[in-house]
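Structure first, then comments.
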Amino acid sequence: MAEQSLMTIQRHILEEERKHPQATGELSALLSDLVLAAKIISLEVNKAGLVGIIGYTGSTNIQGEQVRKLDVFSHEVLFKAMEHGGHLCVMASEEEENIIPIPQNFVKGKYVLLFDPLDGSSNIDANVSVGTIFSILKRVTPDGGSDGTLQDCLQPGLKQVAAGYVLYGSSTILVYTTGHGVYGFTLDPALGEFLLSYNNIRIPAASKIYSINEGNYKYWHPGLKKYIKYLQEEDEKSRRPYSSRYIGSMVADIHRNLLYGGIFMYPADSRNPNGKLRLLYECNPMAFIVESAGGMASDGKKRVLELMPESLHQRTPFFVGNKEDVQMVEKFIAEEEVNVPAV
Ligand code: AHG
Ligand code: MN
Ligand code: MN
């Protein structure tokens, strides 16, 4: 029998709430609604490989219904699970260009939800892990039952009150933080419950992994090129050479690095001056989680959580993982800055 006591995510959320006497229970209710969405998406992701076998053809299923792409499906599930709880005033999703209002017939609350419904979705057909990422903020416009606005969404990551991800991998895992510890729960598909499997995750100090799409090497900043070469050199004391691990699904890459120690990078390059990843749906929530686990997240120069977003789908270069690693890549970039022609 395992030593750890059995703890469902629902109980964990309630116990965390009890530690904060001023809590109204709204955030807990919101997180519980997200858990339901995660279970539904998990079921569907697990069935993805069967689509061609049990009667789905092209974009039409056996009942003649349109089959939605999984990222669109996930977006719709999240919206449907979250629209009516009465805790949100507005949502925004990587899959939708503009802010998503709460339908008129539902109560508007004091929270804002930003999400990437399915991260890494281009990997699904190859059975590679994908994830859902979410970020929760408090509204900044007056609370009083009115609709939330773009201004409520465009807040720096430091203002997040909770963030998490669900990784649909060899098993489905939900990891979340409210800024006081990072907790991971594994879905038992038979019970339909997420059970605590990682209590208070801390990123291991002895980092040894780097994750980056090295195919873009030619387009990188010279400082980043030097940093990667540095990681590949031999030096026992600093555990080099590092191992290279890149799945191409950020949630999976960061989850592994969080457990084993390492740095994940999606840098700017000469073709994409702001990198690829989205500040609001991808970088801020992952930065909040990794920082809460003792790590660090930077855009190469500045702390990601302090960046002031100007638009919903804004991208940012992203370096996240062990503090020493992120500080080191910042140093390499700064040292070569003088040699980079101004754009
Ligand atoms: P999404 O599927 O939400 O568009 O995001 C995919 C992201 C991220 O998960 C991953 O780290 C990155 O794209 C991979 O990009 P490259 O193929 O350029 O390496
Ligand atoms: Mn994504
Ligand atoms: Mn996505």
Side-chain angles (χ1 to χ4, degrees), residues 34 37-38 41-42 44-45 48 68-79 91-98 100 113-135 157 163-169 173 175 209-221 224 228 244-258 262-290 297-300 304 309 311-321 326 329:
L34 277 166
I41 299 170
S42 177
E44 205 63 21
V45 167
R68 284 152 301 172
K69 279 175 64 199
L70 264 176
D71 37 18
V72 178
F73 172 85
S74 308
H75 167 91
E76 285 171 4
V77 168
L78 277 157
F79 176 69
M91 295 186 238
S93 158
E94 196 196 73
E95 291 297 325
E96 192 127 347
E97 199 184 332
N98 298 313
I100 311 167
L113 174 69
L114 311 174
F115 57 92
D116 178 355
L118 213 55
D119 176 71
S121 49
S122 66
N123 287 320
I124 284 196
D125 290 346
N127 256 20
V128 171
S129 303
V130 289
T132 295
I133 311 170
F134 61 88
S135 161
Y165 60 78
V166 189
L167 173 61
Y168 313 101
I173 288 188
V175 173
I209 295 172
Y210 74 92
S211 316
I212 189 166
N213 185 343
E214 235 160 324
N216 295 329
Y217 184 89
K218 183 179 185 317
Y219 310 106
W220 289 347
H221 185 285
L224 180 60
I228 298 297
S244 161
R245 294 280 182 278
Y246 190 72
I247 297 168
S249 263
M250 181 188 60
V251 174
D253 276 311
I254 294 183
H255 180 71
R256 181 208 48 239
N257 291 0
L258 201 54
I263 178 167
F264 171 88
M265 295 164 268
Y266 209 106
D269 64 36
S270 56
R271 294 186 302 180
N272 303 295
N274 296 315
K276 174 180 184 186
L277 300 175
R278 266 113 169 169
L279 177 59
L280 295 183
Y281 316 108
E282 292 168 323
C283 304
N284 271 343
M286 295 316 262
F288 188 33
I289 293 164
V290 173
S298 162
D299 71 350
V304 165
S311 64
L312 270 186
H313 295 278
Q314 182 172 330
R315 297 171 198 268
T316 177
F318 195 37
F319 301 85
V320 61
V326 177
V329 71

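Both backbone and side-chain heavy atoms feed into the values below; hydrogens, waters and symmetry mates do not. Order of listing sets the numbers, starting from 1, for every ligand and every atom in it.
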Subject >> Candidates D71, V45, D119, V166 - the one meeting side-chain contact (heavy atoms from CB on, under 4.5 Å) with V130 >> reply: V45
Subject >> Close side-chain approach of S121 and L70, heavy atoms under 4.5 Å >> reply: no
**OP:** Below 2.8 Å of the Mn ion (ligand 2), tally up the protein N/O/S atoms for me.
**Re:** 3
Original post:
Will you find, in the side chains of S135 and N284, an N or O donor that is under 3.5 Å from an N or O acceptor?
Top reply: no
**OP:** For the residue pair Y168 and L118, establish whether any side-chain heavy-atom pair is separated by less than 4.5 Å.
**Re:** yes
Subject >> Parallel, tilted or perpendicular: ring planes of Y281 versus H313, cut at 30 and 60 degrees >> reply: tilted
Subject >> Test item: F319 and L224 side chains (from C-beta on) under 4.5 Å apart, heavy atoms >> reply: yes
Original post:
Taking side chain as C-beta onward, heavy atoms only, is E214 less than 4.5 Å from S244?
Top reply: yes
Original post:
Are side-chain heavy atoms of I254 and V290 found at a separation under 4.5 Å?
Top reply: yes
**OP:** Return the protein residues near ligand 1 (heavy atom under 4.0 Å from any of its atoms), ordered by chain and residue number.
**Re:** E94, D116, L118, D119, G120, S121, N213, Y246, G248, S249, M250, F264, Y266, K276, L277, E282
**OP:** Decide yes or no for P267 and I212: does some side-chain heavy atom of the first lie under 4.5 Å from some side-chain heavy atom of the second?
**Re:** yes
